[in-house]
Amino acid sequence: MVHEESPEPLVHPRIEPLPGEAVVLKRRASAFAATDLDRLLRARRIDSIVLTGVATGAMVAATLYDAADRDYHVTVLSDACADGESDVHDFLINRVFPARGADVLTGHEWIARL
C-alpha cells in the first residue's frame, strides 16, 4: 500500500512544485474527495483540468466524474493513463469518458492545442 510516509507518493524532482505553489495530497479515489482541490482551483478561476494517472477504471474515472459534477471541463490524456486491464482502459477512454463530455486526447494532441 502507498501511504503518506512512503516514498511512492513523492513528486518527481523534475516536476516538483515551485516555492509557494499549492500541493494537494490525494487520499481517496477522486482527487477532489477530502481535499482542498476544488477550492484552490476556483480561487484561481480555473475551470478546466487535465487528467492522467494509473487505474483508469478507478482513480481517473472517479476524478473525472467528480470534476464533471463540479462543472469543470475535463481533458483525459489517453496515453498518460493506464489500467491493469487494457480492455477496461480502452472502453473508458473510447466510450465512457467522451460520453461524459470529456475531451480525450493523446499527450501530443493536447500539447499541439496549447
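Source: prediction; values computed, not measured.
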| message | Checking one residue: Val74. Which other hydrophobic residues are in its cluster under the side-chain 4.5 Å linking rule? | response | Val24, Phe32, Leu37, Leu40, Leu41, Ile46, Ile49, Leu51, Val60, Leu64, Tyr65, Tyr72, Val76, Val88, Phe91, Leu92, Ile93, Val96, Phe97, Val104
| said: Minimum heavy-atom separation for Ala34 and Arg28, please, with both atom names. | reply: CB-CG, 4.3 Å
| Is the side chain of Thr35 donor-acceptor paired with the backbone N or O of Lys26 at a distance under 3.5 Å, no angle test? | no
| message | Looking at every heavy atom in both Ser30 and Thr63, which two are closest together, and how far apart are they? | response | CA-OG1, 3.4 Å
| When hydrophobic residues are tied together by side-chain contacts of less than 4.5 Å, even through go-betweens, does Met59 share a cluster with Val54? | no
Output side-chain donor-acceptor pairs under 3.5 Å for residues 107-114, partner residues at least two apart or in another chain, one line each.
{"unit_1": "Glu109", "atom_1": "OE1", "unit_2": "Thr106", "atom_2": "N", "d": "2.7"}
{"unit_1": "Glu109", "atom_1": "OE1", "unit_2": "Thr106", "atom_2": "OG1", "d": "3.4"}

| note | salt bridge (Lys or Arg N to Asp or Glu O under 4.0 Å) pairs touching residues 36-46, sequence neighbours excluded, are Asp36-Arg39, Asp38-Arg42, Asp38-Arg70
| request: Using the salt bridge (Lys or Arg N to Asp or Glu O under 4.0 Å) rule, collect all pairs that involve residues 71-94, keeping only residues at least two apart or in two chains. | output: none
| request: Return the set of residues passing side-chain contact (heavy atoms from CB on, under 4.5 Å) with Ala68 (not counting sequence neighbours), or none when no residue passes. | output: none
| Results of side chain to side chain donor-acceptor pair (under 3.5 Å) for Asp47 - residues two or more places apart only | none
